[in-house]
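A quick write-up on the structure given underneath.
Computed from heavy atoms alone, side chains included, the values below leave out hydrogens, waters and symmetry copies. In the text below, chain A, chain B and the rest are named by the order of the sequence lines, each starting its count at 1.
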There are 2 protein chains.
Amino acid sequence: MKLSTKGRYAVMAMVDLARHAQAKPVSLSDIAARQEISLSYLEQLFARLRRAGLVKSVRGPGGGYRLARGSHETRVSEIILAVDEPIKATRCTEMGVAGCRTDRSKCLTHDLWEELGNHIHAFLNSVTLRDVLERRLATHLAEAAALANARPPMVAAN
Amino acid sequence: MKLSTKGRYAVMAMVDLARHAQAKPVSLSDIAARQEISLSYLEQLFARLRRAGLVKSVRGPGGGYRLARGSHETRVSEIILAVDEPIKATRCTEMGVAGCRTDRSKCLTHDLWEELGNHIHAFLNSVTLRDVLERRLATHLAEAAALANARPPMVAAN
DNA sequence: GAAAAACCGACTATGTCGCTCGGATTTAGT
DNA sequence: ACTAAATCCGAGCGACATAGTCGGTTTTTC
């Protein structure tokens, strides 16, 4: 799961789209103006979102985009996976699982990254567009706080 | 909290260092050979780790690096924060907190990213080098699984 | 004095990001 | 039928981070 501003822009745009969903589709120029993102860049992002089946387009004047599913059925993880390049191959995946398993001393951190990836994906998969719109993040906040306190000394984390 | 291969390399090297800690310090050429990372690149990473106070150096032949603290007192989050550039400024931080707070429609996703950042940091801060060495990630695994199942339909996540 | 190591700084190749530009296609309104 | 609004599409570009390389210097042990 890659995390870049690209994914962030896509989520911002999708939240905007969900927020302004009416009978008429929402045009990218409206989103561009509201979110201060370049129109051409948005076009590129929405091309990917459309190919991923997250939005549907309506061409011609008065056209624009609509969510393919309801805002409570569209998960943030899907948006990010749709726009970001597939995750840069780690040394592990280059060597294949076999290479990682056979020589464990070279890849002691494998489990750690896998765990972190699962963690991030689980978090983003648990949040829908509707959650973001309605700011329903309290439960996640509580969970994160609990985790942070699991081991005491929160050493100088800058 | 930025996540790149740079941080991964640093953690790999630090785990290797912790694993091979003896009376004598560990030389970077040994780590470079074992982990298949370029020596010069390792030097750059360890310069930062030293400045961050995570390792101590011994110069001259037979020299090398030692952990500044014990492996159970060195957290993965510290390593990553030491080597990665400060996180790329988001639009939010550019505008300052005020800009984000005053016009909320532009920044509906602010809480989401903040939450995610907390989440990642909390996870990496809960793991020490010793945990990685001894593969003590079971508890984290359980937590991640619980989160993933919090909301039912794990939609096509590629 | 030789050699092993940490230190240091400059340079480079590659790739991604965020974006621009110039179009083409489709379609609603007149 | 014409115009304009919108999606679609591909090429290219400047800036930046990554993952190095290279060539040295300093320190210290033998």
Side-chain angles (χ1 to χ4, degrees), chain A residues 2-13 17 20 23-33 35-52 54-66 68 80 82-91 94, chain B residues 1-13 17 20 23-33 35-52 54-68 80 82-91 94:
Chain A
K2 194 177 171 185
L3 293 172
S4 65
T5 47
K6 196 171 187 171
R8 278 206 271 269
Y9 278 180
V11 175
M12 283 169 61
L17 179 55
H20 296 91
K24 297 205 170 192
V26 181
S27 77
L28 288 191
S29 29
D30 285 357
I31 298 180
Q35 302 297 323
E36 293 179 334
I37 304 174
S38 116
L39 174 60
S40 301
Y41 197 43
L42 268 186
E43 285 177 354
Q44 290 172 36
L45 296 180
F46 272 78
R48 289 173 185 247
L49 294 171
R50 185 172 50 83
R51 274 178 237 132
L54 295 176
V55 295
K56 285 178 181 173
S57 66
V58 180
R59 302 184 67 163
Y65 288 90
R66 255 191 275 263
I80 291 179
V83 299
D84 275 329
E85 313 281 296
I87 190 160
K88 213 173 194 172
T90 63
R91 291 289 262 270
E94 269 174 26
Chain B
M1 171 79 53
K2 195 178 172 184
L3 294 173
S4 66
T5 48
K6 195 172 189 172
R8 279 207 271 267
Y9 279 180
V11 175
M12 284 168 63
L17 179 56
H20 296 91
K24 298 203 170 190
V26 181
S27 77
L28 287 192
S29 28
D30 286 357
I31 298 180
Q35 301 298 323
E36 293 180 333
I37 304 174
S38 117
L39 175 59
S40 301
Y41 196 43
L42 267 187
E43 285 177 352
Q44 289 174 38
L45 296 180
F46 272 77
R48 288 173 185 246
L49 293 171
R50 185 172 50 82
R51 273 178 237 131
L54 295 176
V55 295
K56 285 178 181 172
S57 66
V58 181
R59 301 183 68 158
Y65 287 90
R66 256 193 273 267
L67 290 180
I80 291 179
V83 299
D84 275 330
E85 314 281 294
I87 190 160
K88 211 174 194 173
T90 62
R91 290 289 263 271
E94 271 175 24

Shortest side-chain distance from A/Ser57, nucleotide among C/dC17, D/dT7, C/dC7:
D/dT7
Using modelled atom types and a 3.5 Å cut-off, is there a donor and acceptor pairing between side-chain atoms of B/Arg8 and backbone atoms of B/Ile80?
no
Give A/Arg51 one of three labels, base, sugar-phosphate or nothing, depending on what nucleic acid heavy atoms sit under 4.0 Å from its own.
nothing
To the nearest Å, give me how far apart CZ (A/Arg48) and P (C/dT16) are.
11 Å
OP1 or OP2 of D/dG20 under 4.0 Å from side-chain N/O of B/Tyr9:
yes
How close do A/Gly64 and A/Pro25 get, heavy atom to heavy atom, and via which atoms?
C-CB, 3.7 Å
Please state how far atom NZ in B/Lys6 lies from atom P in D/dC16, giving the value in whole angstrom units.
15 Å
Working to the nearest 0.5 Å, report the span between CG of B/Leu45 and CZ of B/Arg50.
13.0 Å
Write down the distance between CG (A/Leu45) and P (C/dC17), rounded to a whole number of angstrom.
10 Å
Starting at CG of A/Leu39 and ending at C1' of C/dC21, how long is that distance when rounded to a whole Å?
12 Å
Donor-acceptor under 3.5 Å (B/Arg66 side chain, B/Leu17 main chain)
no
For a quick check of understanding: with a heavy-atom distance under 4.0 Å over all strands, which category does B/Phe46 fall into, base, sugar-phosphate or nothing?
nothing
Test A/Lys6 against A/Tyr9 for side-chain contact (heavy atoms from CB on, under 4.5 Å), laying out the working first.
CA-CA 5 Å; A/Lys6 196 171 187 171; A/Tyr9 278 180; 5.9 Å; no
B/Met12 side, atom CE; B/Ile37 side, atom CD1 - distance, nearest 0.5 Å
4.5 Å
In B/S/- notation, 5' to 3', how is nucleotides 9-14 of chain C contacted by protein heavy atoms closer than 4.0 Å?
-B----
Rounded interatomic separation in angstrom, taking CG from B/Asp30 and P from C/dA5:
7 Å
For the residue pair B/Leu49 and B/Val83, establish whether any side-chain heavy-atom pair is separated by less than 4.5 Å.
yes
Is there a donor-acceptor contact under 3.5 Å linking the side chains of A/Ser29 and A/Ser27?
yes
Between P on C/dC7 and CG on B/Leu28, what's the gap in Å once rounded to a whole number?
8 Å
Output the rounded distance in Å from CD (A/Glu36) to C1' (C/dC19).
15 Å
Could you give the NZ-to-C1' distance, from A/Lys56 to D/dT7, as a whole number of Å?
17 Å
After noting the C-alpha distance and the side-chain angles of B/Ile31 and B/Tyr65, does the key distance pass the side-chain contact (heavy atoms from CB on, under 4.5 Å) rule?
CA-CA 10 Å; B/Ile31 298 180; B/Tyr65 287 90; over 6 Å; no
Report each atom pair, protein N/O against N/O of nucleotides 24-30 of chain C, whose distance is under 3.5 angstrom.
| from | atom 1 | to | atom 2 | distance (Å) |
| --- | --- | --- | --- | --- |
| C/dT25 | O2 | A/Arg59 | NH2 | 2.8 |

Short side-chain N/O contact to C/dA6 OP1/OP2 from B/Arg50, under 4.0 Å
no
Please compare B/Tyr41 and A/Gly63 by the position of their nearest nucleotide in DNA chain D and report the one closer to 5'.
A/Gly63
